[in-house]
Every structure is written in C-alpha cells, then in structure tokens.
Protein chains: 2
Amino acid sequence: MKMTPLITSAVMHFGEMGSRWGFNRTVGQILALIVLNEEPISAQEIADALNISRGNTSMGLKELQSWRLVKQHLVPGERKEFFIPAGDIWTLANRVFEERRKREIDPTLSLLRDLLLDEPANGTEAGAQNKLSEIHDLLESITAWSEELQNLGPEKLNTLMKLGSGVGRMLDLKDKILPGKNSVN
Amino acid sequence: MKMTPLITSAVMHFGEMGSRWGFNRTVGQILALIVLNEEPISAQEIADALNISRGNTSMGLKELQSWRLVKQHLVPGERKEFFIPAGDIWTLANRVFEERRKREIDPTLSLLRDLLLDEPANGTEAGAQNKLSEIHDLLESITAWSEELQNLGPEKLNTLMKLGSGVGRMLDLKDKILPGKNSVN
DNA sequence: TTGAAGTTTCAGAAATTACTGAAAGTTTAA
DNA sequence: TTAAACTTTCAGTAATTTCTGAAACTTCAA
C-alpha cells in the first residue's frame with residue numbers, strides 16, 4: 001500500500017469529515033482508502049497504512065459493511081479477506097443518504113406518530129401537538145420524496161439535477177401535461 | 001414553564017437526536033423547547049426546565065443563533081432576553097439543511113478542487129484523481145441542486161414533493177415542453 | 001488434530017466533547 | 001457612578017466516544 005501525498009491528504013480529510021457524515025474518524029479514513037485504491041486491499045494493509053490497531057480496523061470495516069459502503073472481495077488462493085467499495089460513487093452517496101435517513105429521521109417519525117395519538121391534556125399540549133404534527137408531516141414528505149428520487153435511478157436523477165431552474169418552469173406547466181390525479185389541491 | 005409529559009418526551013427525544021443532526025444534546029433540547037413553547041421563553045426558564053447550567057444554556061442559545069434557528073425577542077418593559085423560533089417549521093428545516101451543507105459538503109468540495117489542480121505523480125495518483133473528480137462533480141451537483149430547490153420557495157417545493165412518481169413521467173416529457181437550452185446532452 | 005494465518009471481541013486507556021459554576025462583563029435605572 | 005439584574009466566558013471536571021491490544025475465535029492445510 002503506497003499512500004502518496006495526494007491520497008494521504010484525501011484520506012486525512014475524509015477522516016476529519018467522518019464524524020460530520022455520521023461515522024468516526026477512522027471509519028472515514030478506511031472508506032477513503034478503499035475507494036481511492038484501485039486494487040482490493042486487506043485489513044492488515046489498511047491498519048498499516050493508517051497506523052491504527054488491527055482491532056479498530058476490524059470494527060471500522062464492520063461498520064462500513066453495515067452502511068453497505070464496502071464489501072468483501074475474495075481473492076482466489078488468498079486466505080485473507082480483501083475489501084472493495086460496494087459500488088460506484090453514485091451508489092455510495094445514495095447509501096449514505098439512505099442510511100442517514102434511517103438514523104436521523106425514522107426514529108423521530110415513529111416517536112411523533114406515538115405522541116400524536118395521545119389526547120392533549122390541555123391548551124399547552126394542544127399547541128405543542130400542532131407543532132409536532134407539522135414536523136411529522138414535513139418529515140414524512142421528505143422521506144417519501146427521497147424514496148421517490150431513489151427509485152428514479154441515477155440517470156434520471158442526474159437529468160433532474162442538471163435541469164436546474166428548469167424545474168420551476170416545469171412545475172408551472174405541470175397541470176397541462178399531467179392533468180388529474182397528481183394535481184395538488 | 002410547564003413541561004407536560006408530552007412536551008417532556010418530545011424535548012428528550014430531540015435531545016437524543018441532537019448529535020445525529022449536527023449539534024449536541026442540550027442544543028437539541030433547547031431547540032425543541034423553544035419551538036414547542038407558544039410564548040417566548042427566557043434563558044433562565046430554559047435552564048430551569050432542562051436542569052442545565054445557565055452557562056450551558058447561554059452557549060446553546062448562541063449555537064442555535066449561529067444556525068439561524070432561534071432568534072431573540074425583546075419584550076417591552078422586560079430587561080431579560082426572550083427567545084423564539086426563527087421561523088416556521090419549513091424555514092427551520094431549510095436552515096438545518098443549508099447549515100449542514102456548509103459544514104458537511106463545502107469543506108470537502110474546496111479540498112477536492114485543490115487536489116485536482118495538482119499533476120498526478122504516477123498511475124496510482126491518476127486513478128485516485130479520477131475518483132476524486134467523480135466525487136467532486138457529485139458534490140457540486142448536490143450543492144447546485146439544493147440551492148435550486150431552496151429558491152424555488154416552500155410552496156413550489158411542496159408541489160414538487162407531493163408530485164411523487166409524477167416526477168418520473170414529467171421527465172419523460174420534458175424535452176417536449178422545455179425544448180432547447182435545458183436539454184441534457 | 002494440530003498449528004499457522006487469519007479475524008473478532010471487548011475491557012480498559014486515551015482522546016474528545018460537553019457541562020458546570022464562579023468570575024468577568026454588560027446594561028440600565030436611579 | 002453605583003448597583004441590581006442580567007449575560008457571557010472559560011478553566012476545570014464529567015461524560016461520552018473512540019482506540020488499543022491481548023485473548024478468544026475461526027478456518028484451513030498438512
């Protein structure tokens with residue numbers, strides 16, 4: 001494992017950002033290393049390149065697999081396990097979104113649903129429930145929308161993103177082209 | 001300040017989620033309290049309701065103001081400062097997105113731009129640069145897209161989100177309705 | 001069936017992050 | 001100008017999170 005200056009900077013940066021993206025420093029570094037490395041890389045090579053313990057490496061890889069960002073790669077004839085990215089950059093980004101949605105939105109949505117079932121005990125609670133219900137609706141929209149975008153597939157998603165301000169114009173026209181059931185009250 | 005059971009559950013939950021959303025427990029709790037409370041609330045009331053020190057409260061409020069999620073509210077005749085949400089739920093969600101983009105994407109984008117300026121020293125670096133350039137493009141698309149959505153305004157954004165699977169159909173038709181400059185190669 | 005080559009687990013140590021509370025700072029009314 | 005009412009800062013402590021490394025586990029070839 002080489003670790004040229006360029007790769008080192010990138011790996012270090014991904015480490016720093018790791019915690020903001022939902023995992024920790026070494027997990028970020030491991031991910032960067034696996035993505036930037038052309039060849040499959042073994043756990044031991046990772047530990048050496050990053051100067052971290054073998055144990056920490058093992059946990060980091062487990063976490064990355066739970067995020068479905070890296071996967072094992074069996075090299076025939078080799079006993080040890082190698083690791084490679086679980087897909088192209090687009091796929092990885094999608095997985096990060098999805099996984100974060102699960103961790104950042106779903107639990108709240110489920111709590112809000114419960115809280116909204118209770119009868120408000122008084123005026124204060126009624127007011128709070130209104131707010132909570134607004135939050136609930138917003139989070140549901142976001143969830144539904146992100147699922148929608150996911151099964152649009154990368155190509156269409158890309159088209160949509162590149163469309164830029166065209167989206168606004170398109171919305172103005174939508175009733176003409178999509179009459180009926182999808183019009184919004 | 002009351003803190004009925006309902007409000008307590010919500011506040012505690014927002015505290016737990018806080019760290020996943022980019023701030024810490026008490027900041028999350030303070031935010032929930034301010035949003036769910038109908039009336040403006042003072043720093044002292046917040047500290048009492050959450051059982052946290054006055055100093056911590058002050059830091060938390062400062063952070064929430066830096067995220068532009070809460071703002072001061074001067075009550076005439078009162079010396080102390082009161083706090084209220086900086087806008088409706090939609091606005092707050094937008095601010096969180098925006099702020100997180102600044103913290104989670106912008107620094108990486110800027111590093112990637114720098115790294116891509118260097119001449120690759122060898123084959124390994126060239127390969128890594130390709131990957132980095134893919135990541136760069138993806139992050140730029142996301143940034144541009146999120147800005148686009150922001151200045152679409154809440155109403156249109158809502159229309160778009162509610163459109164659901166209609167988006168896919170609309171994209172199929174887009175060349176017919178938006179000919180020319182916005183077509184994607 | 002043993003042992004070499006590998007992986008995983010997890011208790012404790014190290015590093016990081018959050019919180020407290022006392023002291024310093026600010027504002028306003030008298 | 002003083003002092004009461006309030007806010008902010010920040011050094012030190014507490015809580016949490018991450019990391020290490022030794023031990024336990026697994027797999028496979030001989």
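Convention: sequence-line order gives letters A, B, ...; per-chain numbering from 1. Because the structure is predicted, anything quoted here is derived from the model rather than measured.
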K.L.:
Can you measure B/I46 atom CD1 to D/dT8 atom P for me and round it to whole angstrom units?
P.N.:
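The answer, rounded to whole Å, is 11 Å.
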K.L.:
Indicate whether any N or O donor in one side chain lies under 3.5 Å from an N or O acceptor in the other, for A/T26 and A/Q29.
P.N.:
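Short answer, no.
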K.L.:
Using whole Å, what does the distance between atom P of nucleotide D/dC6 and atom CG of B/D48 come to?
P.N.:
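Distance, rounded to whole Å: 12 Å.
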K.L.:
Any Lys/Arg nitrogen of A/R68 or A/E99 sitting under 4.0 Å from an Asp/Glu carboxylate oxygen of the other?
P.N.:
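Looking at A/R68 and A/E99, the cut-off is met.
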K.L.:
Looking at B/W67, I'd like to know if the NZ or CZ of B/R103 sits under 6.0 Å from its six-membered ring centre while staying within 45 degrees of the ring's axis.
P.N.:
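Yes; both conditions hold, so B/R103 lies above the ring face of B/W67.
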K.L.:
Donor-acceptor check, side chain of A/W21 to backbone of B/E104, threshold 3.5 angstrom: yes or no?
P.N.:
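It does hold such a pair.
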K.L.:
To the nearest angstrom, how far is B/I30 atom CD1 from C/dC19 atom P?
P.N.:
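Interatomic distance, CD1 of B/I30 to P of C/dC19: 9 Å.
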K.L.:
Does A/N24 place a side-chain N or O at less than 4.0 Å from the phosphate oxygens OP1/OP2 of D/dC19?
P.N.:
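Affirmative; the distance criterion is met.
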K.L.:
Rounded to whole Å, how long is the line connecting atom CG of B/N51 with atom C1' of D/dA15?
P.N.:
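Distance, rounded to whole Å: 17 Å.
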K.L.:
Would you mind reporting whether A/R101 and A/E147 have side-chain heavy atoms less than 4.5 Å apart?
P.N.:
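A/E147 vs A/R101: side chains touch.
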K.L.:
Would you give a per-nucleotide map of nucleotides 3-10 of chain C, 5' to 3', where B means the base has a protein non-hydrogen atom under 4.0 Å away, S means only the sugar-phosphate does, and - means neither?
P.N.:
--BSSBBB
K.L.:
B/I52 side chain: which of D/dC19, C/dT20, D/dT16 is closest?
P.N.:
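Nearest to the side chain of B/I52 among the choices is C/dT20.
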K.L.:
Tell me, do B/Q72 and B/F83 make a side-chain contact under 4.5 Å, heavy atoms counted?
P.N.:
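Yes, their side chains come closer than 4.5 Å.
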K.L.:
Below 4.0 angstrom, which residues in residues 13-21 of chain A have at least one non-hydrogen atom near DNA chain C?
P.N.:
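None, since no heavy atom is under 4.0 Å.
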K.L.:
How many whole angstroms separate atom CZ of B/F23 from atom P of C/dT17?
P.N.:
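After rounding, the reported distance stands at 17 Å.
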K.L.:
Are B/R95 and B/E98 ion-paired here, with the side-chain N under 4.0 Å from a carboxylate O?
P.N.:
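Looking at B/E98 together with B/R95, the answer is no, because their closest N to O distance does not fall below 4.0 Å.
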K.L.:
Can you confirm whether the side chains of B/D88 and B/T91 place a donor and an acceptor under 3.5 Å from each other?
P.N.:
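A donor-acceptor contact under 3.5 Å links the two side chains.
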